[in-house]
2 protein chains.
Amino acid sequence: MYFFTMTMPDETTEAAWTKLMRAQDRALSHVEAALKDAGFPPLAWYDVLLEVERAGKSGIRAIDLQQKLLLPQYGISRLLSKIEAAGYISRQLSAEDGRSQEIVITATGRQLRRRMWAVYGPAIEQAVGCKLTPSERKTLTGLLEKLTSPPADT
Amino acid sequence: MYFFTMTMPDETTEAAWTKLMRAQDRALSHVEAALKDAGFPPLAWYDVLLEVERAGKSGIRAIDLQQKLLLPQYGISRLLSKIEAAGYISRQLSAEDGRSQEIVITATGRQLRRRMWAVYGPAIEQAVGCKLTPSERKTLTGLLEKLTSPPADT
DNA sequence: CCTATTTAAATGCAAATGCATGTAATTGGA
DNA sequence: TCCAATTACATGCATTTGCATTTAAATAGG
């Protein structure tokens with residue numbers, strides 16, 4: 001038999017929670033704004049292009065993208081439609097699985113990704129890199145990593 | 001005369017950026033899901049109710065809420081409409097400034113905030129508190145605080 | 001081999017969001 | 001005092017998102 005206490009957070013937890021929300025919002029806003037100012041599509045496009053580019057010639061299935069990018073199924077579906085319509089990727093039916101599709105990056109897609117990185121990279125540097133020392137960045141990464149660890153059950 | 005280098009992020013910066021995005025997404029999703037599962041409105045409602053409650057009898061102006069919560073002007077405007085329609089706050093015209101309104105929490109609003117906290121608190125504890133030691137939480141908070149510091153110009 | 005279940009992806013519809021603009025009150029010159 | 005600029009807030013419209021459902025293909029069980 002178990003007693004389980006629905007423990008309330010202490011001040012250090014509340015503070016960490018709040019700062020996490022604020023810091024992420026700030027950093028993300030900065031990056032999204034930089035992309036938009038430069039006339040580029042949203043960050044999500046970059047993430048897709050990067051993964052699809054990494055997948056190489058054989059491409060990647062939508063469902064695998066979905067898992068990598070942690071987006072809902074309909075989110076990926078519609079995102080791919082837009083990126084395809086813009087000519088940066090192509091979707092071709094999978095030979096093995098008729099339900100599936102292989103997504104491949106196009107030449108202009110590769111180009112767009114590269115040009116976006118020229119804005120995205122410095123924006124990350126401004127939002128995160130230059131605010132912390134290398135050792136602080138490692139510490140931060142380690143602590144955030146712990147937060148991402150599998151949720152304690154129930 | 002200045003030379004300015006658009007520096008690219010190193011691996012530690014990229015890692016910190018990525019983890020920040022992931023960890024925040026995880027934590028926020030967990031909390032939002034907990035609230036939704038319990039039949040409560042989104043987190044933003046809580047934030048509003050808390051600030052309005054803190055403001056006490058005299059209330060708080062929409063624009064002050066806007067600054068505290070870092071939401072766009074139209075976001076606050078519509079959010080307040082919904083929360084008011086649900087009966088948790090009341091908006092009354094300001095005596096001093098005819099453009100402005102004083103927002104005050106209602107009894108049921110106070111009650112809702114308290115009931116939400118019973119879910120929100122433990123959810124934060126699960127998402128953040130129990131994953132880190134108190135000293136780690138303090139370190140994390142400090143590092144995130146640095147990220148929120150004013151942006152380096154241009 | 002045939003049907004029930006599961007899986008991959010698309011989509012209709014309603015709600016939420018972003019952007020630009022509108023309205024009304026206040027402030028700040030000249 | 002009068003009018004232009006600013007400030008506080010609301011809202012129309014287009015886009016995006018979330019949810020539930022649909023379609024079509026693959027798999028599993030008998």
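Letters A, B, ... mirror the listed sequences (proteins, then strands); counts begin at 1. Values reported hereafter were calculated over all heavy atoms of this structure, with side chains retained and with hydrogens, waters and symmetry mates removed. The structure presented is a predicted model; accordingly, all values stated were derived computationally and were not measured.
- Contact footprint of chain B on DNA chain C: nucleotides with an atom under 4.0 Å from a non-hydrogen protein atom, first to last in 5' to 3' order, C:dA16 to C:dT26.
- No side-chain heavy atom of A:Ile60 sits less than 4.5 Å from a side-chain heavy atom of A:Glu102.
- Contact check, B:Lys82 against D:dA10: no side-chain N or O comes under 4.0 Å of OP1 or OP2.
- Nucleotide D:dG18 holds its C1' atom 15 Å from the CD1 atom of A:Ile76, rounded to whole Å.
- In this structure the side chain of B:Lys82 reaches within 4.5 angstrom of the side chain of B:Trp45, judged on heavy atoms.
- Rounded to an integer number of Å, the gap from A:Gln66 CD to D:dT17 C1' is 15 Å.
- When rounded to the nearest whole Å, the span between CD of A:Gln101 and C1' of D:dA25 equals 13 Å.
- Protein atom CD of A:Gln73 is 13 Å distant from nucleotide atom C1' of D:dT17, rounded to whole Å.
- Of the residues in residues 87-100 of chain A, those placing a heavy atom less than 4.0 Å from an atom of DNA chain D are A:Glu96, A:Asp97, A:Gly98, A:Arg99, in numerical order.
- When the options A:Arg114, A:Arg110, A:Arg113 are evaluated for a side chain to side chain donor-acceptor pair (under 3.5 Å) with A:Glu53, the one that passes is A:Arg113.
- Side-chain atoms of B:Lys68 do not come within 3.5 Å of backbone N or O of B:Glu51 as any donor-acceptor pair.
- We find that CH2 of A:Trp45 is positioned 13 Å from C1' of D:dT15, with the value rounded to whole Å.
- What separates CZ of A:Arg61 from P of D:dA25 is a distance of 16 Å, to the nearest Å.
- Side-chain contact check for A:Thr13 and B:Arg137: at least one donor-acceptor pair (N or O, by modelled atom type) lies under 3.5 Å.
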CA sep, side-chain torsions, deciding dist, call: A:Asp25, A:Arg22, salt bridge (Lys or Arg N to Asp or Glu O under 4.0 Å): CA-CA 5 Å; A:Asp25 182 72; A:Arg22 296 295 169 116; over 6 Å; no

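- The side chain of A:Arg78 lies closest to D:dC19, out of D:dA8, D:dT11, D:dC19.
- Shown here is B:Glu96, whose CD atom has no more than 12 heavy atoms of other residues, nucleotides or ligands within 6.0 Å.
- Linking ILVMFWY residues whenever their side-chain heavy atoms come closer than 4.5 Å, directly or via other members, leaves A:Val104 and A:Leu50 in distinct clusters.
- For the residue pair A:Arg91 / A:Ser81, a side-chain donor-acceptor distance below 3.5 Å is found, with atom types taken as modelled.
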